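Note sheet for the following structure.
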Amino acid sequence: MKLYDTQSRGLKEVNVEKEEVRMYCCGPTVYRDAHVGNLRTFLLSDLIARIVRLNGSQPRLIQNITDVGHMSEDFINDDKMLSQAKLEKVDPFEIARKYEQRFHTDLAALNVQPATAYPRASESIEMMLSLISRLIDAGFAYVGSDSSVYFSAEKFKSYGAISGNKLDALKPGHRYEYTEDGAKRFHADWALWKAAGDRTEMVWDSPWGKGFPGWHIECSAMSMKLLDGHVDIHVGGIDLRFPHHENERAQSNALINKEAVDLWVHGEHLLFEGKKMSKSSGNVVLLSDVIARGIDPLALRLCFLENKYRSQMDLTWNAIEAANETLKRWRTKMGHWSTDDSISIDPEIEQAFNADVDTPRVVMRLREIEKDDSHNKAAVFRYADQVLALDLNRPIEERVLTPEMKTLLEDRALARNEKRWADSDALRVELENLGLSIKDTPEGQIWS
RNA sequence: GGUCGGGUGGCCGAGAGGCGAGGCAAGGGACUGCAAAUCCCUCUACACGGGUUCAAAUCCCGUCCCGACCUCCA
């Protein structure tokens, strides 16, 4: 099984001979609903975990819940949790729990299997404090004049290996003016622990005074602790490559003096109708929007699967609806092909999964099999569905008919027997208005 | 300015040296009382300029264009 590793910029073999493959996926900051772009990344870790399992190994997946400390480095008022709490006029932890719950609901709707654990940042403070202390002791971190603790980027020799951003190229002020307060010794240093200052909510005691953790430290702490000091596969969105993962790598590696992560996998961003999804473009799509249109959430999953995870994909309503049709067609055909639940391995599909999660090729292969004359189509589809997880075996739901619908259907059958076509057509319109779609076959009318 | 990735038909998108993926849309046909569904057919592309090669969408050089990241982001 091979995956593209951002750090070495090439395909890298994943050892699936081991009993267990340790995975870490950067989770959500729970201050708002995850949009479908966020979900695409979480889907990626699900696909990798499923492929690991297909190869006979067990994934141990840790996904953090950021419920504290995710803020821009230099502006204390910008904490995402606190500003949203202010906006909704509730306790910040209430916000966190609410959106955390919705995150799990969305994942379940997309058939994303739950991670082994979802540690919360706010409940992992001890872990982070101990890690920060060790980094200070090892000489990689220092307490600034503002009582915050900073990581010293220059002390970590291979800084920049993931993103290609070298320290001397990271001069401050490229994007917007920095307000250097002088507490950091070097412009590229970042906070491991932020002193509370005026802040009173979401603060904890520490050896350096009241404060709260920096964003990057939580992933180092959780992955080191919950994955026993080594990550086989680290998954996240492409935007996290820098600075988040670069900093996480520096922290973790500094601590153990070797590579803490074998493979860095980054999912590309999703565009919606040509533009990056953002509040200002007004094109943020939530999974609930998809469901509200009467589309199966798994159609979105199929839509994602039809594109390489490493390409910026442009999602459109048209594409989602097309995927929804494909899904319905496959489920209908599955019902006709066979009713058992046998599974038959297709070498081409197996190979595609193992070749850097090439789900577009798998989908293509399924379309091919759909049309050919093989006898075990359903068994091959079921094999692929172990990873695709599109519930292809799910029977098309039987429509529950109201008495009114039943009467109209009986009337129409009668009208058709008597070749009263005008009546038949009028009844069809009426039934369609009730939400049934009618098809006439040589065996009579059918509805769905 | 630095870094990473792209440019393929009306649209979306695979392919990474050798017989024209596939999907969507459109048009035509079969079937049907008509629809719908289904099936068949049609439309045939690789940003530009050089180079390497028997052979280039694919490799190399140059140019143009697009997106992402550069201390908020999946």
Side-chain angles (χ1 to χ4, degrees), chain A residues 6 9 25-29 31-32 34-45 66 70-75 78-80 83 153 160 162-166 168-176 178 184 187-191 214-216 235-244 246-247 266-271 274-279 302-303 306-316 318-319 321-323 325-326 328-329 332-333 352 358-368 370-371 416 419-422 424-425 428-429 432 437-442 445-448:
Chain A
T6 307
R9 308 201 203 301
C25 178
C26 285
T29 303
Y31 69 106
R32 53 149 204 214
H35 57 60
V36 294
N38 303 122
L39 296 176
R40 188 185 182 205
T41 304
F42 305 144
L43 172 66
L44 173 60
S45 75
T66 302
H70 193 169
M71 54 185 306
S72 74
E73 290 283 309
D74 296 286
F75 305 97
D78 268 357
D79 187 291
K80 290 170 182 299
S83 38
I162 299 176
S163 62
N165 287 328
K166 299 297 182 211
D168 53 358
L170 285 173
K171 300 224 168 74
H174 269 309
R175 204 174 184 194
Y176 50 79
Y178 241 0
K184 288 198 262 185
H187 62 84
D189 293 352
W190 65 91
W215 174 38
H216 313 302
V235 183
I238 188 71
D239 53 304
L240 296 183
R241 180 183 44 184
F242 185 87
H244 184 59
E246 201 67 74
N247 294 0
H266 288 108
E268 252 298 352
H269 271 168
L270 178 71
L271 308 180
K275 282 190 206 145
K276 183 172 169 176
M277 227 181 266
S278 68
K279 269 186 189 156
L302 174 56
C303 226
E306 287 185 274
N307 291 71
K308 271 247 184 83
Y309 77 88
R310 283 198 286 129
S311 73
Q312 273 171 31
M313 106 173 241
D314 187 16
L315 189 67
T316 59
N318 200 23
E321 273 155 18
E325 291 307 308
T326 302
K328 279 199 245 174
R329 189 181 74 236
T332 308
K333 289 194 174 177
D358 196 351
T359 53
R361 214 169 92 211
V362 173
V363 173
M364 183 177 90
R365 175 75 181 136
L366 288 181
R367 289 185 198 278
E368 203 178 290
E370 180 187 356
K371 286 183 182 163
R416 292 184 56 72
K419 297 197 191 298
R420 285 183 282 112
W421 305 125
S424 160
D425 293 352
R428 180 168 62 207
V429 170
E432 281 171 349
S437 70
I438 307 294
K439 293 172 195 171
D440 291 316
T441 70
Q445 59 185 358
I446 57 170
W447 58 89
S448 60

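What you are looking at is a predicted structure, and each value in this text was computed from that prediction instead of being measured.
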Let me have RNA chain B in dot-bracket notation, would you? Count Watson-Crick plus G-U wobble pairs, both distances under 3.5 Å, and use [ ] for pairs crossing earlier ones and | for inter-strand partners.
((((((((.[[[..)..(...]]].(((((.......)))))....[[[[[..)....]]]]])))))))....

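Side-chain proximity of A/K333 to the nucleotides B/rG33, B/rA68, B/rC39 is greatest for B/rC39. Checked against B/rG2, B/rG33, B/rU71, the side chain of A/A188 finds its nearest nucleotide in B/rU71.
A search for salt bridge (charged side-chain N to carboxylate O under 4.0 Å, His left out) contacts involving A/K328 returns A/E325, not counting sequence neighbours. With sequence neighbours left out, A/E321 forms a side chain to side chain donor-acceptor pair (under 3.5 Å) with no residue at all. A search for salt bridge (charged side-chain N to carboxylate O under 4.0 Å, His left out) contacts involving A/R428 returns A/D425, A/D440, not counting sequence neighbours. Residues meeting the side chain to side chain donor-acceptor pair (under 3.5 Å) test with A/R367, sequence neighbours left out: A/E306. For the side chain to side chain donor-acceptor pair (under 3.5 Å) test, residues two or more places apart in sequence or in another chain that qualify with A/E368 are A/R365. A search for side chain to side chain donor-acceptor pair (under 3.5 Å) contacts involving A/D239 returns A/H269, not counting sequence neighbours. The side-chain contact (heavy atoms from CB on, under 4.5 Å) check on A/T332 picks up A/H336, A/I396, with sequence neighbours excluded.
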Check nucleotides 4-12 of chain B against the protein and report each pair of N or O atoms closer than 3.5 Å, with its distance, or say if there are none.
unit_1	atom_1	unit_2	atom_2	d
B/rC4	O2'	A/R241	NH1	3.1

Return the polar atom pairs (N/O with N/O) between nucleotides 21-25 of chain B and the protein under 3.5 Å, or none.
unit_1	atom_1	unit_2	atom_2	d
B/rG22	O2'	A/R367	NE	3.4
B/rG23	OP1	A/K371	NZ	2.9

Close N/O contacts between protein and nucleotides 15-18 of chain B (under 3.5 Å):
unit_1	atom_1	unit_2	atom_2	d
B/rG15	OP1	A/K308	NZ	2.9
B/rG15	OP2	A/K308	NZ	3.2

Using a cut-off of under 3.5 Å, enumerate the N/O to N/O pairs linking the protein to nucleotides 34-36 of chain B.
unit_1	atom_1	unit_2	atom_2	d
B/rC34	O2	A/R428	NH2	2.7
B/rC34	N3	A/R428	NH1	3.0
B/rC34	N3	A/R428	NH2	3.4
B/rC34	N4	A/D440	OD2	2.8
B/rA35	N6	A/D440	O	3.1
B/rA35	N1	A/D440	N	2.9
B/rA35	N3	A/R428	NH1	3.1

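The distance between atom CD of A/Q445 and atom P of B/rG33, rounded to the nearest whole Å, is 15 Å.
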